[in-house]
Amino acid sequence: MANFDYPADIVADALFRADEPTDGSSDFLAAVRRALVRANHDLASRHPWWWLRAYPPGVFNTAARITNLTITATTGGTSVAATLSAAPAGSVSITGRKILPSGQPWFARVTAHTGGATAVTLDSVPTSLAAGTATVIVQDEYQLAADLGLFVDGLWTEDGYFIELQPEERIRKDWGDLPSPSWPPSAFCRLDPRRIRLSHYPIAVKRVEFPYCTMPDDLDPTDGATTELTVPHAWRWLLSDGTLYFAYLMKSDKRAASAKQDYERGIEECVAYQRRVLMGIGSHPGQSVRSPFL
């Protein structure tokens with residue numbers, strides 16, 4: 001237990017600190033186990049911790065716009081069946097991409113398409129589209145890694161550009177809903193746990209890298225010998241602090257307020273330590289400590 005190697009060690013420490021027996025007889029055991037699972041996720045979501053960084057970083061390729069096809073939609077409405085003049089090259093599915101009909105102030109999202117086919121289903125078409133209507137097919141939304149938790153910073157393009165993360169409201173307010181082309185995009189936002197939207201759609205295929213921290217799976221609080229904790233040894237006491245706080249909270253114990261203060265203070269200390277880990281211990285970024293031999 002002293003080394004905090006496994007989840008069960010954290011449970012035992014929290015029980016001990018709560019003045020509960022650690023031999024498995026505590027009526028509080030089940031609550032502490034649940035508290036550990038909750039504390040682990042709470043800690044992971046507080047900050048892009050260095051121990052949760054995925055390696056290699058996440059990466060995706062953008063989709064080039066398609067400009068050589070026309071589209072026909074005989075009716076307007078929702079879930080509209082439409083027909084392309086030819087199947088997109090490479091037999092790729094364009095489900096999720098956006099159709100920009102020439103001369104129209106709106107776009108339609110492709111909700112169904114099979115690679116190699118000309119038939120598409122569009123989410124909403126305000127008016128019918130005459131046969132041979134010129135169109136641009138673009139993709140400004142991308143689904144990223146399944147274990148995506150927090151972005152470390154943002155997106156990095158193959159040309160060395162940085163794309164910053166912004167709230168979805170700013171993307172809509174500053175650049176509007178109608179997609180427009182530009183590379184690199186000015187910003188991007190998160191739409192859901194995995195999907196992002198770029199402020200502008202790319203014209204060509206580009207490689208984009210995104211450093212990120214994983215969202216950890218639930219810990220098995222009974223594990224005392226199988227999977228070692230990913231939190232560095234020097235900071236596992238912080239996970240124990242969080243477990244104790246949430247356990248007190250579940251128990252409606254008045255000690256929860258004091259435990260919360262310890263937990264929050266520990267998080268601040270860990271954030272400060274991470275800055276030193278990533279930047280060194282000089283007083284300014286990139287500045288080294290003066291050698292005692294100089």
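Note that the structure is a prediction, hence the values are computed from the model and not measured. For the numbers below, each heavy atom of this structure counts, side chains included, while hydrogens, waters and symmetry mates do not.
When only modelled atom types and interatomic distance are considered, E141 and Q139 share no side-chain donor-acceptor pair under 3.5 Å. Under the 3.5 Å distance criterion, with hydrogens and angles disregarded, no donor-acceptor pair is assigned to the side chains of D177 and W106. No side-chain donor-acceptor contact under 3.5 Å links T111 and D123.
Using cut-offs of 30° and 60° for the angle between ring planes, the F246 and Y263 rings count as perpendicular.
The pair R236-E228 meets the salt-bridge criterion, with a side-chain N (NZ, NE, NH1 or NH2) lying under 4.0 Å from an Asp/Glu carboxylate O. Using a cut-off of 4.0 Å between Lys/Arg side-chain N and Asp/Glu carboxylate O, D159 and K206 are scored as salt-bridged. With salt bridges taken as basic N to acidic carboxylate O contacts below 4.0 Å, none links R46 and E268.
Q104 pairs with exactly one of T127, T133, T135 by the side-chain contact (heavy atoms from CB on, under 4.5 Å) rule, that one being T127. The side-chain contact (heavy atoms from CB on, under 4.5 Å) with R33 is formed by just one residue from the set L36, L29, V37; it is L29.
Atom CG of D241 is separated from atom NZ of K260 by 12.5 Å, given to the nearest 0.5 angstrom. One finds the CG atom of L198 at 5.0 Å from the CD1 atom of I196 (value rounded to the nearest 0.5 Å). One distance of note links OG1 of T22 with CZ of F16; it measures 8.0 Å at 0.5 Å rounding.
No close placement of the W183 and Y161 rings is indicated, their centers lying 6.0 Å or farther apart. A ring-centre distance under 6.0 Å is not found for F151 and Y212.
Closest non-hydrogen pair, H200 versus P185, comes out as O-CG, 3.8 Å.
Not a single donor-acceptor pair under 3.5 Å links the side chain of T118 to the backbone N or O of A87.
Figure legend: cation-pi geometry between K251 and F28, with NZ or CZ positioned under 6.0 Å from the six-membered ring centre and within 45° of its axis.
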Go through S240 and R17 one step at a time and tell me if the side-chain hydrogen bond (donor to acceptor under 3.5 Å, both in side chains) criterion holds. CA-CA 9 Å; S240 179; R17 295 166 66 190; 3.0 Å; yes
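In the hydrophobic cluster analysis, where Ile, Leu, Val, Met, Phe, Trp and Tyr join through side-chain heavy atoms closer than 4.5 angstrom, L150 is grouped apart from L238.
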